[in-house]
Asks: 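Pasting a structure here, questions to come.
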Amino acid sequence: FTFDELCESGTAKTHNIDNTPSEQIKINLRNLVDNCLDIVRQKYGKPITVSSGYRCPALNKVVGGAATSQHVKGEAADITGGSKEENEKIFNLISENFKFDQLINEKDFSWIHVSYSSDRNRGQRLKFNGKKYTAI
């Protein structure tokens, strides 16, 4: 995974928002990639796409993200294997094999949110139905 993959945003371009990460955010993104995303992709053995990675505060606000979102810290990515079935496989792979802070099944595996933090990794598994989060 590259910084470009994790920072690319059509919404940022449309709204003329500079989504360039700071040096600290780049460190957090590198931790996410090195300790989670790259090894998940390698073990999964198929393409994984980032649909949302780093979001600067302005971009996060435009997309309706929570003010405390780990996306703003460069600690989270929304990923997909291309289908709900593949996303469920990725979710289970991460859940059973890797260290993470949060792992969220978003809208019946429409995508997977995964976060990694250098100072805490709670292993929290959640399900989001579009309205509320439920622990699983």
Side-chain angles (χ1 to χ4, degrees):
F1 288 89
T2 66
F3 287 131
D4 286 345
E5 281 180 279
L6 293 164
C7 299
E8 176 65 28
S9 171
T11 303
K13 287 179 184 175
T14 301
H15 288 83
N16 206 20
I17 296 170
D18 181 3
N19 197 44
T20 305
S22 68
E23 289 307 311
Q24 181 57 56
I25 299 296
K26 286 181 181 179
I27 290 169
N28 293 346
L29 288 168
R30 179 58 49 213
N31 283 331
L32 174 65
V33 168
D34 290 348
N35 294 290
C36 187
L37 295 179
D38 271 353
I39 53 179
V40 168
R41 185 189 286 186
Q42 183 179 19
K43 186 158 179 127
Y44 178 61
K46 299 177 189 175
I48 295 175
T49 304
V50 175
S51 56
S52 182
Y54 170 65
R55 295 186 217 137
C56 68
L59 176 58
N60 192 58
K61 186 174 183 178
V62 167
V63 300
T68 58
S69 172
Q70 286 181 286
H71 287 277
V72 177
K73 298 175 187 175
E75 296 178 341
D78 295 337
I79 59 175
T80 181
S83 71
K84 289 184 175 192
E85 295 77 20
E86 292 302 312
N87 292 344
E88 184 173 8
K89 289 177 188 176
I90 294 168
F91 183 95
N92 291 331
L93 177 71
I94 295 170
S95 180
E96 296 166 7
N97 296 284
F98 299 101
K99 188 187 292 187
F100 57 89
D101 187 46
Q102 285 188 321
L103 183 62
I104 306 173
N105 163 4
E106 302 269 6
K107 299 182 180 181
D108 192 30
F109 296 106
S110 293
W111 69 91
I112 301 301
H113 168 100
V114 62
S115 66
Y116 180 90
S117 174
S118 60
D119 60 347
R120 67 173 180 168
N121 284 294
R122 299 170 286 177
Q124 186 177 49
R125 292 163 184 84
L126 301 167
K127 178 177 168 181
F128 181 66
N129 66 7
K131 294 183 181 179
K132 72 176 192 169
Y133 291 91
T134 307
I136 53 174

Asks: To the nearest 0.5 Å, what is the distance between OG1 (Thr2) and CD (Glu8)?
Replies: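 The OG1 atom of Thr2 sits 9.5 Å away from the CD atom of Glu8.
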
Asks: Are Ile39 and Leu6 grouped together when hydrophobic residues (ILVMFWY) are joined by side-chain heavy atoms under 4.5 angstrom apart?
Replies: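 Per the 4.5 Å side-chain linkage, Ile39 and Leu6 are co-clustered.
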
Asks: Compare all side-chain heavy atoms of Thr14 with those of Val62 and state whether any distance is below 4.5 angstrom.
Replies: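 The answer is no; the side chains never approach within 4.5 Å.
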
Asks: Would you give the length of the straight line joining atom CD1 of Ile112 to atom CD of Gln102, rounded to the nearest 0.5 angstrom?
Replies: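 It is 13.0 Å, given to the nearest 0.5 Å.
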
Asks: Closer than 3.5 angstrom, by distance alone: can the side chain of Asn92 be matched with the main-chain N or O of Glu88 as a donor-acceptor pair?
Replies: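 Present.
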
Asks: Are more than 12 heavy atoms from other residues, nucleotides or ligands located less than 6.0 Å from atom CG of Asn97?
Replies: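 Enclosed.
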
Asks: Take atom NZ of Lys84 as the centre, draw a 6.0 Å sphere, and report whether it contains more than 12 heavy atoms from other residues, nucleotides or ligands.
Replies: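 Count over threshold, so yes.
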
Asks: Quick one, Phe91 and Ile136 - any side-chain contact, counting heavy atoms below 4.5 Å?
Replies: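 Of all side-chain heavy-atom pairs linking Ile136 with Phe91, at least one is under 4.5 Å.
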
Asks: Which heavy atom of Val72 sits nearest to which heavy atom of Pro57, and what is that distance?
Replies: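 The answer is CG1-CG, 4.0 Å.
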
Asks: Look only at the side chain of Asn60 and the backbone of Ala66, and say whether a donor-acceptor pair between them is shorter than 3.5 Å.
Replies: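 Confirmed, Asn60 side chain pairs with Ala66 backbone.
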
Asks: Could you tell me which non-hydrogen atom of Ala77 sits nearest to which non-hydrogen atom of Val50, and how far apart they are?
Replies: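 Closest approach of Ala77 to Val50: CB-CG1, 4.4 Å.
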
Asks: How close do Ser118 and Asn31 get, counting heavy atoms only, and between which atoms?
Replies: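 The answer is CB-ND2, 3.7 Å.
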
Asks: Verify the cluster assignment for Ile90 and Leu126: are they in a single hydrophobic cluster under the rule of side-chain heavy atoms below 4.5 Å apart?
Replies: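 No, Ile90 does not connect to Leu126 through the hydrophobic network.
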
Asks: Please say yes or no: joined through hydrophobic side-chain contacts below 4.5 Å, possibly via intermediate residues, are Leu93 and Ile104 part of one cluster?
Replies: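 The answer is no; the residues belong to distinct hydrophobic clusters.
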
Asks: Quick one: pull up NE2 in His71 and OG in Ser9 and give me the separation to the nearest 0.5 Å.
Replies: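 His71 NE2 to Ser9 OG: 11.5 Å, rounded to 0.5 Å.
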
Asks: To the nearest 0.5 Å, how far apart are CZ in Phe109 and CD in Glu86?
Replies: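 These two atoms lie 12.0 Å from each other.
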
Asks: Supply the atom-to-atom distance Ser115 OG to Lys73 NZ, rounded to the nearest 0.5 angstrom.
Replies: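 If I round to the nearest 0.5 Å, the distance is 9.5 Å.
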
Asks: Name the one of Asn121, Asp101, Leu29 that satisfies side-chain contact (heavy atoms from CB on, under 4.5 Å) with Tyr116?
Replies: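 Answer to the side-chain contact (heavy atoms from CB on, under 4.5 Å) test with Tyr116 among Asn121, Asp101, Leu29: Asn121.
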
Asks: Are Arg30 and Phe1 in a cation-pi setup, meaning NZ or CZ lies under 6.0 angstrom from the ring centre and within 45 degrees of the ring axis?
Replies: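 No, a cation-pi geometry is absent between Arg30 and Phe1.
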
Asks: Do Glu5 and Arg41 sit within salt-bridge range, that is, some charged N less than 4.0 Å from a carboxylate O?
Replies: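 Yes, charged N to carboxylate O under 4.0 Å.
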
Asks: With the 4.5 Å side-chain cut-off for hydrophobic clustering, are Phe100 and Tyr44 part of the same group?
Replies: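 Phe100 clusters together with Tyr44.
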
Asks: Taking all atoms of both residues into account, what is the closest heavy-atom pair of Val114 and Cys36, and its distance?
Replies: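 Where Val114 meets Cys36 most closely, the heavy atoms are CG2-SG, 3.7 Å.
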
Asks: Could you grab the distance from atom NZ of Lys99 to atom CZ of Arg122, nearest 0.5 Å is fine?
Replies: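 Here the rounded value is 14.5 Å.
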
Asks: Looking only at side-chain N and O atoms, does Thr20 offer a donor or acceptor that is under 3.5 Å from a partner on Asp18?
Replies: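 On atom types as modelled, these side chains qualify, holding a pair under 3.5 Å.
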
Asks: Give the minimum heavy-atom separation between Ser117 and Glu75, together with the two atoms involved.
Replies: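 Closest approach of Ser117 to Glu75: OG-OE2, 3.6 Å.
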
Asks: Could you go step by step and tell me if His113 and Phe128 meet the side-chain contact (heavy atoms from CB on, under 4.5 Å) rule?
Replies: CA-CA 10 Å; His113 168 100; Phe128 181 66; over 6 Å; no

Asks: Where is the tightest heavy-atom contact between Leu59 and Ala12, given as atom of each residue plus distance?
Replies: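 Minimum heavy-atom contact is CD1-N, 3.7 Å.
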
Asks: Whether the Gln24 and Asn28 side chains hold a donor-acceptor pair (N or O, under 3.5 Å, no angle test) is what I'd like checked.
Replies: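 Per modelled atom types, Gln24 and Asn28 side chains form a pair under 3.5 Å.
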
Asks: Tell me, with the steps shown, if Ile79 and Ile94 meet side-chain contact (heavy atoms from CB on, under 4.5 Å).
Replies: CA-CA 12 Å; Ile79 59 175; Ile94 295 170; 4.2 Å; yes

Asks: Tell me if a side-chain donor or acceptor on Arg125 pairs with a main-chain N or O of Ser95 at a distance below 3.5 Å.
Replies: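 Indeed, once roles are kept as given, a pair shorter than 3.5 Å links the two residues.
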
Asks: Given the rule in the side chain to side chain donor-acceptor pair (under 3.5 Å) test, do Asp78 and Ser51 qualify, once you have shown the distances and angles that lead to the verdict?
Replies: CA-CA 6 Å; Asp78 295 337; Ser51 56; 4.8 Å; no

Asks: Does any part of the side chain of Asn35, heavy atoms only, come nearer than 4.5 Å to the side chain of Phe98, both counted from C-beta?
Replies: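 They are not in side-chain contact.
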
Asks: Does Ile17 belong to the same Ile/Leu/Val/Met/Phe/Trp/Tyr cluster as Ile25, with side-chain heavy atoms less than 4.5 Å apart forming each link?
Replies: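 No, Ile17 does not connect to Ile25 through the hydrophobic network.
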
